[in-house]
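Working notes, structure below.
Values below: every heavy atom of this structure, side chains too, minus hydrogens, waters and symmetry copies. Keep in mind it's a predicted model, so treat the numbers as computed, not measured.
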Amino acid sequence: MPKEQHPVAVDGGVGIPVPRDGEVWAVGAVILDGDGRAFAQRRGPDRRLFPDCWDVVGGHVEPGESLLEALVREVAEETGWRARRVRRLLGVTTWTGDDGVTRHEADYLVEVDGDLRRPALEWSKHTSYAWFGPEDLPRLKENRGPGEHLVHDLIVRALRDHPPGA
């Protein structure tokens, strides 16, 4: 989705890596509601990577696409919301999936426009969604192995750094 069609504000100091040739990248968006809770969706049980696990909004960067373009596209595809502002880079991680592919992932705190009560999930890929506050964080570790707490840790960081009303 070209930036000029849907401009997205990017706060100063937010790093957006530029992939090198041959690198595989993914992006993720932590989206908070007005009560300071983070959105997550449960991946379907038939998904190749992380089946039946909670995940943030996001996905793979397509060839020729910038990370920002991918982030905007993934938010729209997975929720029906429109990315409005990228507030912060929460981190860049490198991981290897069960498929043996090494990926780099940039995860951001993102503000969106749209009805947060009614996300338009990709029901062929996700089975449910929930809003996670501090008391709900242990659920993010469901069906994850030891050390597989990227989603949990991202949401913890976003909630800690951006309490309600921030």
pair Val112-Arg84: side-chain heavy atoms closer than 4.5 Å | no

Does the side chain of Val92 reach to within under 4.5 Å of the side chain of Trp25, using non-hydrogen atoms?
-> yes

In the single-linkage hydrophobic clustering (I, L, V, M, F, W, Y; side-chain heavy atoms under 4.5 Å), do Val10 and Val57 co-cluster?
-> yes

May I ask you to check whether Arg144 and His152 show a side-chain donor-acceptor distance below 3.5 Å?
-> no

Within a strict 4.5 Å, meaning less than it, do heavy atoms of the Ile16 and Ser66 side chains meet?
-> no

Please check if any side-chain donor atom of Glu105 sits under 3.5 Å from a side-chain acceptor atom of Trp95, or the reverse.
-> yes

Is there side-chain contact between Leu67 and Pro17, with at least one heavy-atom pair below 4.5 Å?
-> yes

Would Trp81 and Phe39 count as a close aromatic pair, with their ring centres under 6.0 Å?
-> yes

Atom pair CD (Glu111) and CD1 (Ile31), whose distance is rounded to the nearest 0.5 Å | 10.5 Å

State whether a side-chain donor-acceptor pair under 3.5 Å links Glu142 with Trp54.
-> yes

Between OG1 of Thr79 and CG of Asp115, what distance do you get to the nearest 0.5 Å?
-> 11.0 Å

Between Val75, Val86, Val110, Leu71, which is the residue that forms a side-chain contact (heavy atoms from CB on, under 4.5 Å) with Val8?
-> Val86

Measure the spacing between CD of Glu78 and CD of Glu122 and express it to the nearest 0.5 Å.
-> 5.0 Å

Using a strict 4.0 Å threshold on nitrogen-to-oxygen distance, state whether Asp52 and Arg43 make a salt bridge.
-> no

Salt bridge Glu69-Arg73, side-chain N to carboxylate O under 4.0 Å = no

Given Asp153, Val30, Ile155, Val56, the one that forms side-chain contact (heavy atoms from CB on, under 4.5 Å) with Asp107 = Val56

Point-to-point distance, once rounded to the nearest 0.5 Å, from CG of Leu68 to OH of Tyr108 | 8.0 Å

Gap separating the CD atom of Glu135 from the CG atom of Leu137, nearest 0.5 angstrom = 7.5 Å

The reported gap from CZ in Arg85 to CG in Asp11 (rounded to nearest 0.5 angstrom) is 4.0 Å

Non-hydrogen side-chain atoms of Leu159 and Phe132 separated by less than 4.5 Å = no

Side chains of Leu121 and Gln41 in contact at under 4.5 Å (non-hydrogen atoms) | yes

